[in-house]
Amino acid sequence: MAINVMTSKEVTEKVFNKEELFILDVRNESDFKDWKIEGENFEYLNIPYFELLDGVEEIMDKIPTNKEVLVVCAKEGSSVMVAEMLSDAGLTVSYLKGGMKAWSEHLEPVKVGDLNDGGEIYQIVRIGKGCLSYMVVSNGEAAVIDATRMTAIYLDFAEGIGAKLTHVFDTHLHADHISGGREIAEKTGATYWLPPKDATEVTFDYQPLEDGNDVTIGKTIINIHALYSPGHTIGSTSFIVDEKFLLSGDILFIDSIGRPDLAGKAEDWVGDLRETLYKRYRELSEELIVLPAHFMIVDELNEDGSVSEKLGTLFAKNHGLNIEDENEFRKLVTENLPPQPNAYQEIRETNMGKTNPDLDKQREMEIGPNRCAVR
C-alpha cells in the first residue's frame, strides 16, 4: 500500500473546511496532552513511537479504514517509520511533513475585510500556535502588526500583492512567541513601533507607540489609532483601523480575555485590565470587528478560517466581559491560571534584544500552545 506526505498547509485546509481526519500521534503522552493538532472533526490516537518498535499489529484494529489517517511526530522521522509499518500492514496512510515543528511554524494568510479607500486587511493565522498577525494594505503600502519570527511570509506576501512595507507594529512586548517585527523593519526600512512602557529595557531603537498616534499608510490616512489599553502588559496597545476594525492584541480574545501575570504583575495589573475591558472598550463602537492577536481553540475559527467577531457580540457572549463583581474578576485572572508559556521569560528577553538565540533554540523556546488567555 502507499505512504503519502501531507503538508501543514493541507492539514490547515482540513481544519478550515472542518473535514474529518484520524491522527495517530506517536510523540510521548505528555507532549501530546500538552499540545496537538486540533480540528473540529479530527479523531486522535496517541501511541508513543517506542511502543511500536516491535510492530503495529496491536493497534491495527484501532485505526479506521474509512478515513484519512495522518501519522504525526515531533520532527518527521518517527512518523515516516510508523507510516511505513502501517503501509506494509495494508493501510494507506500519510505522515506530516516536518512534524510538529513544521506545524508550529505554518502561517496561512486570510483576507478579513476591505477598507473604505480601496485597501484590505489580512489576518495571518499561525494555526498550530494560535498566533494571529495582520497586514493592512492601502495604495501600494502596507503595515504589519504582531509579526511572528517567520518573517519571509510577510515579505513574500507584500511583494506578491505589490505593496511596500512601511510600518511594523507590536501591540505589546510578547511573552509567548518571538517577534519578527524588528527584523522586518530592518530588512525593509519600515518604521518599527513599540509601546514605550513595554520598552524600558529594550536594546534597540523604536518609534514610541502612544495614545493618539495616527499613521498614514498609502495615499490616505488609515485610522490606526493607538488606544492605550494596559492589562496584559503595562504597555499593551490596541489599534482601531479605518474606524472598522479593533486590533485588540492580547487584551481581548473571542472566547477569553488576556492574562496579566506574564511579567509577574498579576495583582498590580488586574485593575488596569478591568478598566480597559469594562471602561475603555465600552466607550468604543459595538460595531467594531475585533481582531485579536491569538485564539485558544479551533471553535473560535470562522467559516473561512479567520478569527473575528463584533465587539458588541463579545460584550454579550464573552464571559470575561460580564463579571460584575470586581473580586470575582480578580480571582478569575489571578488564580487557577493555565500554565505559563514555555520559556516565556527567555522569549521576553529575546524580544527586548537582550539575547539572540539561534534558530534551533528559538524553535525550542516556542514549542507548545499559546497560553496568553484566561477563560
Side-chain angles (χ1 to χ4, degrees), residues 1-106 108 125-131 255-256 294-301 303 305 307 338-339 341-342 363 366-371 373 375:
M1 301 292 283
I3 174 173
N4 302 312
V5 182
M6 194 177 295
T7 65
S8 292
K9 184 175 181 62
E10 290 171 322
V11 179
T12 299
E13 290 172 355
K14 291 182 181 298
V15 175
F16 286 3
N17 296 329
K18 296 179 171 44
E19 296 177 30
E20 291 187 344
L21 183 66
F22 185 92
I23 295 178
L24 172 60
D25 194 314
V26 298
R27 294 175 298 148
N28 291 330
E29 182 181 357
S30 59
D31 294 334
F32 173 75
K33 285 185 174 180
D34 184 51
W35 176 52
K36 64 179 183 289
I37 296 173
E38 294 191 56
E40 189 171 311
N41 293 307
F42 289 5
E43 293 182 48
Y44 307 92
L45 175 63
N46 173 225
I47 306 289
Y49 168 72
F50 63 82
E51 294 183 17
L52 302 173
L53 292 176
D54 293 330
V56 294
E57 291 77 13
E58 292 188 6
I59 66 167
M60 290 296 290
D61 61 344
K62 298 179 182 179
I63 298 177
T65 56
N66 60 344
K67 293 181 181 179
E68 276 195 279
V69 176
L70 177 67
V71 187
V72 173
C73 69
K75 296 180 180 178
E76 182 182 303
S78 299
S79 62
V80 172
M81 293 182 188
V82 173
E84 287 174 343
M85 287 192 283
L86 291 171
S87 177
D88 291 342
L91 292 180
T92 299
V93 299
S94 302
Y95 67 88
L96 178 62
K97 184 177 181 180
M100 292 298 286
K101 180 178 73 173
W103 181 244
S104 173
E105 296 183 347
H106 180 68
E108 191 71 27
V125 181
R126 188 176 180 183
I127 186 71
K129 182 77 176 164
C131 300
D255 192 43
S256 53
H294 286 93
F295 68 94
M296 283 186 69
I297 53 176
V298 293
D299 293 359
E300 295 175 60
L301 298 180
E303 291 297 319
V307 180
N342 295 332
R363 285 172 167 158
E366 287 190 342
I367 280 295
N370 94 75
R371 295 186 175 121
R375 25 189 330 245

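Computed over heavy atoms, backbone and side chain alike; hydrogens, waters and symmetry mates excluded.
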Q: Answer yes or no: does atom CD of E13 have more than 12 heavy-atom neighbours from other residues, nucleotides or ligands under 6.0 Å?
A: yes

**Q.** NZ/K18: more than 12 non-hydrogen atoms of other groups inside 6.0 Å
**A.** yes

(Q) I want to check something: taking the side chain as every heavy atom from C-beta on, are M100 and I37 in contact at a cut-off of under 4.5 Å? (A) yes

(Q) I'd like to know whether R363 forms a side-chain contact (heavy atoms from CB on, under 4.5 Å) with E105, so could you lay out the CA-CA distance, the side-chain angles of the two residues, the decisive distance to 0.1 Å, and finally the verdict. (A) CA-CA 9 Å; R363 285 172 167 158; E105 296 183 347; 2.7 Å; yes

Q) Any side-chain heavy atom of L52 sitting closer than 4.5 Å to one from I47? A) yes

Q. Hey, are the side chains of R27 and K36 touching, using non-hydrogen atoms and a 4.5 Å cut-off?
A. yes

Q) So, do L86 and L24 sit near enough that their side-chain heavy atoms are less than 4.5 Å apart? A) yes

Q: Could you tell me whether D61 atom CG has more than 12 heavy atoms of other residues or ligands within 6.0 Å of it?
A: yes

**Q.** Test item: W103 and T12 side chains (from C-beta on) under 4.5 Å apart, heavy atoms
**A.** yes

(Q) Using a 6.0 Å cut-off, check whether atom CD of E58 has over 12 heavy atoms from anything other than its own residue. (A) no

Q.
Are Y44 and D25 packed together at the side-chain level, in the sense that at least one heavy-atom pair is separated by less than 4.5 angstrom?
A. no

Q.
Please evaluate residues T65 and L91 with respect to the criterion side-chain contact (heavy atoms from CB on, under 4.5 Å), reporting the C-alpha separation (whole Å), side-chain torsions for both, the decisive distance (0.1 Å), and the verdict.
A. CA-CA 7 Å; T65 56; L91 292 180; 3.9 Å; yes

Q: Please tell me if the side chains of D299 and D255 come closer than 4.5 Å, counting only heavy atoms from C-beta onward.
A: no

Q. Is there side-chain contact between L70 and S94, with heavy atoms separated by less than 4.5 Å?
A. yes

